[in-house]
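Remarks on the structure that follows.
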Amino acid sequence: MKLKLVADENIPGIEDLLGPVAHITRVAGRDLQAEAVRDADALFVRSVTQVDAGLLEGSRVRFVGTATAGTDHIDKVWLRQQQIAFHSCAGSNANAVVEYVLAAIAETGDTLERLFAGARVGIVGYGHVGRSLAARLDALAIEWCAYDPWMDKGAIARPGTLADVNASDVICIHAELTRREPWPSHHLYDAAALDAIRSSQLLINASRGPVVDNAALKQRLSAANAPVAVLDVWEQEPQLDLELLELVRFGSAHIAGYSIDGKLRASRMLAEALTGSLGLKPPVVGSATAPQLELGLGTGPADRAAVVRGLLGQVYRLAEDDQLLRSKANDVPECIGTAFDELRRGYRQRRELAGAVLVGLRPQGFVRDIAAALGVLCA
Ligand SMILES: NC(=O)c1ccc[n+]([C@@H]2O[C@H](COP(=O)([O-])OP(=O)(O)OC[C@H]3O[C@@H](n4cnc5c(N)ncnc54)[C@H](O)[C@@H]3O)[C@@H](O)[C@H]2O)c1
Ligand SMILES: O=C(O)[C@H](O)[C@H](O)COP(=O)(O)O
């Protein structure tokens with residue numbers, strides 16, 4: 001008999017992966033009610049669904065999967081107490097977030113040139129995203145240091161204190177959202193931390209909105225000596241603060257990790273975890289994989305920064321996502337929550353640069369080196 005799976009409508013490829021073993025019911029995650037999952041054996045959600053006793057008490061659900069890296073919407077303690085298996089997808093979208101961060105850097109003035117000339121990136125949170133970013137920066141020969149108090153310092157290739165990271169030219173926040181002591185990340189960037197960030201620095205938050213105190217950031221960005229800020233995530237999503245959006249260099253609708261490659265990776269991870277947990281036939285993974293992407297590059301990029309922009313710009317431009325969000329903020333400010341969710345639900349099929357193939361002229365010298373550092377394969 002097939003198992004009953006309830007899955008968020010925004011997790012692609014599940015029918016291809018699990019159709020042979022499951023009856024799949026698709027639901028809108030933000031409005032999911034207990035009634036809809038009572039008879040289900042398994043539940044796949046995204047970050048917009050709060051999973052706790054209120055949703056699952058009295059249901060038949062034995063497996064919960066979230067197609068996300070963050071798990072702050074899941075009551076993991078309660079799931080454990082109920083012996084409900086749980087799986088999340090940290091790592092699935094790490095490269096997409098890294099490419100978002102590189103785009104933020106590449107599209108903000110001469111920040112990329114300054115990094116190639118010796119400036120430093122500070123990374124907060126050395127999990128899947130933080131480590132992937134560090135590896136990419138190493139490959140590009142860009143300086144970095146990372147702060148993650150929950151990790152053994154020996155596990156971080158270039159450990160730094162929070163003060164070291166906050167003194168870096170670019171500060172990238174990739175910590176999970178937690179209120180756990182002794183190192184809560186909730187409002188880690190409060191008024192005092194933000195006041196210490198200088199006008200020459202770039203602050204990027206692609207983790208969770210509440211890691212930065214948005215009211216304090218708004219105040220900081222209103223000052224004459226304000227730093228430059230890029231926000232993908234916001235407090236009170238989807239009801240973001242439109243005054244804050246006006247003050248950031250780039251703002252996007254929580255889509256840093258939204259590559260189609262990353263989403264399909266997460267679907268495969270969940271399908272494998274579910275079938276593994278229930279002793280079912282493993283999924284046919286080839287059916288939910290994006291096709292090979294081919295890229296070209298003009299003959300003469302002038303320098304390393306031009307190669308990064310030339311390649312990255314073919315798959316991702318942060319300015320486009322920024323423009324989409326600002327248009328919604330201008331056109332329908334009173335419905336920004338609905339518009340924010342719509343932007344996410346209807347997000348384009350963005351591809352990742354890493355894994356793409358460079359066709360045409362065989363690249364030489366620094367062009368070849370930068371392409372390889374970005375994970376691009378040369379035909
Ligand atoms: N914007 C997006 O689209 C997007 C995409 C992926 C992940 N995320 C968010 O980014 C977070 C990181 O993703 P990941 O895949 O690396 O997750 P992960 O679970 O692999 O890593 C999270 C890291 O944060 C660290 N951390 C916790 N508290 C900290 C603190 N106070 N200071 C510094 N570090 C702290 C943890 O020790 C851990 O190493 C996720 O939890 C998620 O909320 C957002
Ligand atoms: O935690 C994550 O993996 C990301 O924030 C992810 O992009 C969240 O996407 P959502 O579940 O909100 O669609």
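Both counts, for ligands and for their atoms, begin at 1 and track the order of listing. Note that the coordinates shown come from a computational prediction; the quantities given were computed from them, not determined experimentally. Values below: every heavy atom of this structure, side chains too, minus hydrogens, waters and symmetry copies.
Because its NZ or CZ atom is not both nearer than 6.0 Å to the ring centre of F340 and within 45° of the ring axis, K328 does not count as a cation-pi partner of that residue. Cation-pi geometry between R136 and W144 is not satisfied (NZ or CZ under 6.0 Å from the ring centre, within 45° of the ring normal). Figure legend: cation-pi geometry between R350 and Y258 absent, as NZ or CZ is not positioned both under 6.0 Å from the six-membered ring centre and within 45° of its axis.
Of all the atoms in ligand 1, the ones that sit under 4.0 Å from a non-hydrogen atom of H254 are 1 (N), 2 (C), 3 (O). Close approach of ligand 2 to Y258 (heavy-atom distance below 4.0 Å) involves ligand atoms 7 (O), 9 (O), 10 (P), 13 (O).
The protein atom (non-hydrogen) at minimum distance from atom 9 (O) of ligand 2 is R344 NH2, 3.2 Å. Among all protein heavy atoms, the one lying closest to atom 27 (C) of ligand 1 is W150 CD1, 3.3 Å. Protein heavy atom in closest approach to atom 31 (N) of ligand 1: W183 O, 3.0 Å. Protein heavy atom closest to atom 10 (O) of ligand 1, with residue, atom name and distance, is S207 CA, 3.6 Å. For atom 5 (O) of ligand 2, the closest heavy atom belonging to the protein is H254 NE2, 2.6 Å. Of all protein heavy atoms, the one closest to atom 20 (O) of ligand 1 is H128 ND1, 2.7 Å. Residue, atom and distance of the protein heavy atom nearest to atom 3 (O) of ligand 2 are A69 N, 2.6 Å. In this structure, the protein non-hydrogen atom closest to atom 35 (C) of ligand 1 is A175 CB, 3.6 Å. Closest to atom 12 (O) of ligand 2 among all protein heavy atoms lies S47 OG, 2.4 Å. For atom 5 (C) of ligand 1, the closest non-hydrogen atom on the protein side is V97 CG2, 3.3 Å.
Inter-residue side-chain proximity for F250 and L318 is flagged as met; some heavy-atom pair is nearer than 4.5 Å. Taking the side chain as every heavy atom from C-beta outward, N166 and Y147 never approach each other to under 4.5 Å.
Between the side chains of Y347 and N10, no donor-acceptor pair is found at a separation under 3.5 Å.
A salt bridge between D41 and K4 is absent, with no side-chain N of the basic residue lying under 4.0 Å from a carboxylate O of the acidic one. Salt-bridge formation is detected for the pair R309/E113: a Lys NZ or Arg NE/NH1/NH2 atom is positioned less than 4.0 Å from an Asp or Glu carboxylate oxygen. By the 4.0 Å N-to-carboxylate-O rule, R60 lies too far from D39 to be salt-bridged with it. Taking 4.0 Å as the cut-off between side-chain N and carboxylate O, R26 and D8 do not count as a salt-bridged pair. A salt bridge links E143 with R158: the closest approach of a Lys/Arg side-chain nitrogen to an acidic carboxylate oxygen falls below 4.0 angstrom. Using a cut-off of 4.0 Å between Lys/Arg side-chain N and Asp/Glu carboxylate O, E246 and K218 are scored as not salt-bridged.
Under 4.0 angstrom from ligand 1, there are no non-hydrogen atoms of A94. With a 4.0 Å heavy-atom cut-off, ligand 1 is reached by the backbone of Y147 and by its side chain too. Using a 4.0 Å cut-off between heavy atoms, I255 makes no contact with ligand 2 at all.
In this structure, S132 does not count as a contact residue of ligand 1, since none of its heavy atoms falls inside 4.0 Å of the ligand. Heavy-atom separations between N10 and ligand 2 are all 4.0 Å or longer. At least one heavy atom of P149 sits closer than 4.0 Å to an atom of ligand 1.
No continuous path of ILVMFWY side-chain contacts below 4.5 Å connects I171 to V101, so the two sit in separate hydrophobic clusters.
In this comparison of N93, V211, D148, the heavy atom closest to atom 39 (O) of ligand 1 sits on D148. Across L133, V129, I173, heavy-atom proximity to atom 13 (O) of ligand 1 is greatest for V129. Selection from E176, R131, R179 by nearest heavy atom to atom 24 (O) of ligand 1 gives E176. Here atom 4 (C) of ligand 1 lies nearest to A206 when heavy atoms of A256, A206, A253, P182 are compared.
Where the criterion is an N or O separation shorter than 3.5 Å, residue side chain and backbone included, G70 meets it with respect to ligand 2. Checked by distance only, ligand 2 and R46 come closer than 3.5 Å through their nitrogen or oxygen atoms. Where the criterion is an N or O separation shorter than 3.5 Å, residue side chain and backbone included, Y258 fails it with respect to ligand 1.
To the nearest 0.5 angstrom, S168 atom OG is 11.5 Å from L202 atom CG.
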